Amino acid sequence: MKLNFYSLSSGSSGNCYYLGNGSRGILIDAGISATSIRRFLKDIDIPIQTIMGVLITHNHSDHIRGLEILTRKNSLPAFTSGKIWKSILTPQRNISSDCIREIPLQEKFHLAGFDIEAFPVCHDAPETIGFHICAGGKKITIATDLGHICETAAPYIKAANFLVIESNYDEEMLVNGTYPQYLKTRIQSDNGHLGNHQTMDFLADNISDDLSTICLAHLSQNNNTPEKVLQALHKTFSDKGVILNGRQISILNRNVPTDMIRFSD
Ligand SMILES: [Zn+2]
Ligand SMILES: [Zn+2]
């Protein structure tokens, strides 16, 4: 099965990803305007009618900015846990009630030819989830906002053939940067974001032969650069004697859509 992945935007100014199987697809998060999402889908020749739904990871605005309009104007169903819906559905947000789909955690549901399972991650929102998506014998895991990789999330990340994982900040840039101390502490906490070395340590310690593609996501604008991410990757892997062995590595741009990343053999 052909699996196509695009990152429309990744980082604290907005997250939105597309995963398709040739005929149908889904979005993961809608953290940029609905206009930008529609424009980008048009540019890559994907009719919005072929999008079967949007999976939502949590209620932070960089993940739901375009959700209201996508549900109202495009009648796009949105899928997330009951607790996350509760945190999204404020009186100020007019989400079309026909589009609200509540999903259980750690139980498979079926959408657009994908078997999807949401799993909880640790982050400073009322609840945050990642997604483990199976199609055509391939497993895709997406985990973009998490302060550490807890025991519940780890198996989903380890099992992936295609992994989209956060590498949010360079530890030195954050410590020496201009953010106020409370914000630095929040970002570094177990409920904040993953630093480059945290992500790379986990990957180097747990890399499986079945993992073929790693997309490094949700880079901080002020506390990270793609070069720092790559340096951390190569240094950690070489220190631990782990080789990448031809695996595809992609660093997802903050504001510019990526080219298509093909998740297939
Ligand atoms: Zn975020
Ligand atoms: Zn967040």
Side-chain angles (χ1 to χ4, degrees), residues 5-19 26-34 36-37 40 54-68 70 78-81 83-90 93 105 118-131 141-150 152-153 156-157 163-171 173-174 177 179-180 182-196 198-199 202 215-226 228-229 250-258:
F5 175 83
Y6 290 92
S7 167
L8 284 66
S9 181
S10 184
S12 46
S13 42
N15 293 272
C16 184
Y17 309 97
Y18 168 83
L19 179 68
I26 54 175
L27 296 176
I28 298 98
D29 281 333
I32 50 176
S33 73
S36 304
I37 294 173
F40 178 72
V54 51
L55 313 180
I56 299 294
T57 60
H58 63 303
N59 75 340
H60 288 165
S61 61
D62 57 318
H63 296 262
I64 59 166
R65 195 168 286 122
L67 181 62
E68 198 177 326
L70 280 182
F79 298 76
T80 196
S81 74
K83 200 166 174 186
I84 297 172
W85 272 124
K86 219 176 234 174
S87 66
I88 290 175
L89 295 171
T90 59
R93 262 195 213 108
L105 296 189
F119 60 90
V121 298
C122 296
H123 186 55
D124 54 1
E127 183 160 76
T128 304
I129 54 182
F131 292 101
T141 299
I142 299 178
T144 60
D145 291 57
L146 60 172
H148 73 289
I149 298 172
C150 64
T152 313
Y156 294 100
I157 296 173
L163 177 62
V164 180
I165 190 165
E166 173 173 64
S167 194
N168 182 260
Y169 62 92
D170 172 76
E171 288 80 352
M173 282 178 81
L174 178 67
Y179 279 10
Y182 80 88
L183 193 51
K184 292 181 183 180
T185 307
R186 193 215 116 194
I187 292 169
Q188 288 173 305
S189 78
D190 271 359
N191 286 323
H193 290 279
L194 285 179
N196 293 343
Q198 262 177 299
T199 302
F202 183 87
C215 296
L216 296 157
H218 210 300
L219 271 65
S220 161
Q221 179 165 23
N222 299 308
N223 300 306
N224 212 355
T225 64
K228 293 277 185 195
V229 174
S250 261
I251 297 188
L252 305 184
N253 303 321
R254 287 180 49 75
N255 300 313
V256 186
T258 52

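It should be emphasised that the depicted structure is a prediction, and the values quoted were computed from it without experimental measurement. Indexing begins at 1, ligand by ligand and atom by atom, following the structure's order.
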>> Among residues at least two apart in sequence or on other chains, which ones pass side chain to side chain contact (heavy atoms under 4.5 Å, CB included) with S87?
In response: N59, I84, P126

> Residues in side chain to side chain contact (heavy atoms under 4.5 Å, CB included) with A34, at least two apart?
Replying inline: R38, I69, L70

>> Is the ring pair Y18/Y6 parallel, tilted or perpendicular, if the boundaries are 30 and 60 degrees?
In response: tilted

> Looking at residues at least two apart in the chain, or sitting in another chain, which of them share a ring-ring contact (aromatic ring centres under 6.0 Å, His included) with H60?
Replying inline: H58, H123

>> Keeping to distances under 2.8 Å, can you name the protein N/O/S atoms close to the Zn ion (ligand 1)?
In response: D62 OD2, H63 NE2, D145 OD2, H218 NE2

> At what distance, to the nearest 0.5 angstrom, does CG of L27 lie from OH of Y17?
Replying inline: 12.0 Å

>> Quick check: do I157 and L163 have side-chain heavy atoms less than 4.5 Å from each other?
In response: yes

